[in-house]
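These notes are about the structure you will find just below.
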2 protein chains.
Amino acid sequence: MRRVMTEQAFYILTALVDGPRHGYGIVGEVAELTEGRVDLRVGTLYGVLDRLVADGHVELDREEPHQGRLRRYFRLTDSGREELVAEAARLEANARAATRKLRASGRTRTAGAEGVA
Amino acid sequence: MRRVMTEQAFYILTALVDGPRHGYGIVGEVAELTEGRVDLRVGTLYGVLDRLVADGHVELDREEPHQGRLRRYFRLTDSGREELVAEAARLEANARAATRKLRASGRTRTAGAEGVA
DNA sequence: CCTAATATATCGGAAGCCAGGATATTGTGC
DNA sequence: GCACAATATCCTGGCTTCCGATATATTAGG
């Protein structure tokens, strides 16, 4: 055991922060909150959700009938929220460290990007 | 194909930003730049390096004898640097989005962490 | 010389991701 | 009412990625 959380799990937890959501709802929210930078696939979703439930980070909120099929809504648990807070901090710190290194070594910019200020 | 870059690849590229490094050198630098938040395994390293070389993001810099074995030093290519710049920005934006959502929904902090200001 | 420590690199199994498919309902045209 | 398309949920099989264990080589200690 080494990996705390996969990147997909991180986005799914984030999508659940402001309330329970069901399958497609999660997919849509991930696209929205990352402004299209992440395209969570349906095939990925359920496997990750199962893992998150097994780990106690997410739990079933309720089931609602919708067009003949049951929609399962999932909810973030306290433990899930804690892990998410920690992971967000970890990822941001690491991304910053990378940016810092790039800056220090010159050319941070790709063609077209605006300068420092 | 969907995944631009894995997390491990991101850290390896970052470790190469300020100059060529060899196997264990990369492992050490990743630990240092992430202040221990990432523990890159040797078993992971070479597979990822092979992929990065195949993708043209990294290339062999030189080989130096060291204690009877050859040390292979790897170097970041221009394309690798560009990808890294983009990925760092993407990850930072996503981590920020998560933090923003957590803030907006109340309790951002885990026990013990200091407050906002 | 034997053992431990250090360092490089590989390999095979486990875990994770996702395209494609199965299933079910609603809506539209005929 | 029926065929077909569109929408939505969820699973499965295969491919990719990760990493524990292992193999090899050198140096240091006893």
### Task
Using a 4.0 Å heavy-atom cut-off across all strands, classify T44(A) as base, sugar-phosphate, or nothing.
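Base, at least one base atom sits under 4.0 Å.
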### Query
Given side chains that start at C-beta, do those of F74(B) and V53(B) come closer than 4.5 Å, heavy atoms only?
yes
### Query
Heavy atoms, side chains only, cut-off 4.5 Å: are R90(B) and E92(B) in contact?
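R90(B) does not reach E92(B) side chain to side chain.
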How long is the line joining [atom1] of [X] and [atom2] of [N], in whole Å?
{"X": "L60(B)", "N": "dT8(C)", "atom1": "CG", "atom2": "P", "result": "14 Å"}
{"X": "E7(B)", "N": "dG16(C)", "atom1": "CD", "atom2": "C1'", "result": "13 Å"}
{"X": "M5(A)", "N": "dG16(C)", "atom1": "CE", "atom2": "C1'", "result": "15 Å"}
{"X": "L45(B)", "N": "dT17(D)", "atom1": "CG", "atom2": "C1'", "result": "14 Å"}
{"X": "E63(A)", "N": "dT9(D)", "atom1": "CD", "atom2": "P", "result": "13 Å"}
{"X": "L40(B)", "N": "dC18(D)", "atom1": "CG", "atom2": "C1'", "result": "10 Å"}
{"X": "R41(B)", "N": "dA7(C)", "atom1": "CZ", "atom2": "C1'", "result": "16 Å"}

Which protein N or O atoms sit under 3.5 Å from an N or O of nucleotides 23-27 of chain C?
{"residue": "dT25(C)", "atom": "O4'", "partner": "Q67(A)", "partner atom": "O", "Å": "3.2"}

### Close residues, residues 46-55 of chain A, relative to DNA chain C [heavy-atom separation under 4.0 Å]
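V48(A), R51(A) - these, ordered by number, are the residues of the stretch whose heavy atoms sit under 4.0 Å from the strand.
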### Task
Using a cut-off of strictly less than 4.0 Å between a heavy atom of the residue and any atom of DNA chain C, enumerate the qualifying residues of residues 10-24 of chain B by number.
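Under 4.0 Å from DNA chain C: H22(B), Y24(B).
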### Message
Listing request: all ring pair (Phe, Tyr, Trp, His ring centres under 6.0 Å) pairs with a residue in residues 19-63 of chain A, at least two apart in sequence or in separate chains.
### Response
H22(A)-Y73(A)
### Message
Taking the minimum atom-to-atom distance to the side chain of R71(B), which one of dC17(C), dC18(D), dT8(C) wins?
### Response
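Nearest to the side-chain atoms of R71(B), counting from C-beta on, is dT8(C).
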### Task
From the options dC17(C), dC18(C), dT17(D), select the nucleotide whose nearest atom is closest to the side chain of T6(B).
dT17(D)
### Query
Start at the 5' end of DNA chain C and walk down; is the nucleotide closest to L70(B) or to A9(A) reached first?
L70(B)
### Message
So, OP1 or OP2 of dT9(D): does either fall under 4.0 Å of a side-chain N or O from R72(A)?
### Response
no
### Message
So for atom CD, which belongs to E32(A), do other residues, nucleotides or ligands contribute more than 12 heavy atoms lying within a distance under 6.0 Å?
### Response
no
### Pair K101(B) + E29(A): basic N to acidic O under 4.0 Å
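Counted as a salt bridge, because a side-chain N and a carboxylate O are separated by less than 4.0 Å.
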### Query
For V27(B), which residues count as a side-chain contact (heavy atoms from CB on, under 4.5 Å) partner, sequence neighbours excluded?
L40(B), L45(B)
### Sequence-distant partners of A97(A), side-chain contact (heavy atoms from CB on, under 4.5 Å), two or more places apart
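Checked A97(A) against side-chain contact (heavy atoms from CB on, under 4.5 Å); matches are R100(A), L33(B).
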#### Entry: Donor-acceptor side-chain pairing of S105(B) and R81(A) below 3.5 angstrom
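Result is yes, a qualifying pair exists.
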### Query
Any donor-acceptor pair under 3.5 Å linking the side chain of T14(A) with the backbone of A98(B)?
no
### Message
Working note: M5(B) + L13(B), criterion side chain to side chain contact (heavy atoms under 4.5 Å, CB included); need CA distance, chi angles, decisive distance, verdict.
### Response
CA-CA 10 Å; M5(B) 187 185 298; L13(B) 290 184; 3.8 Å; yes
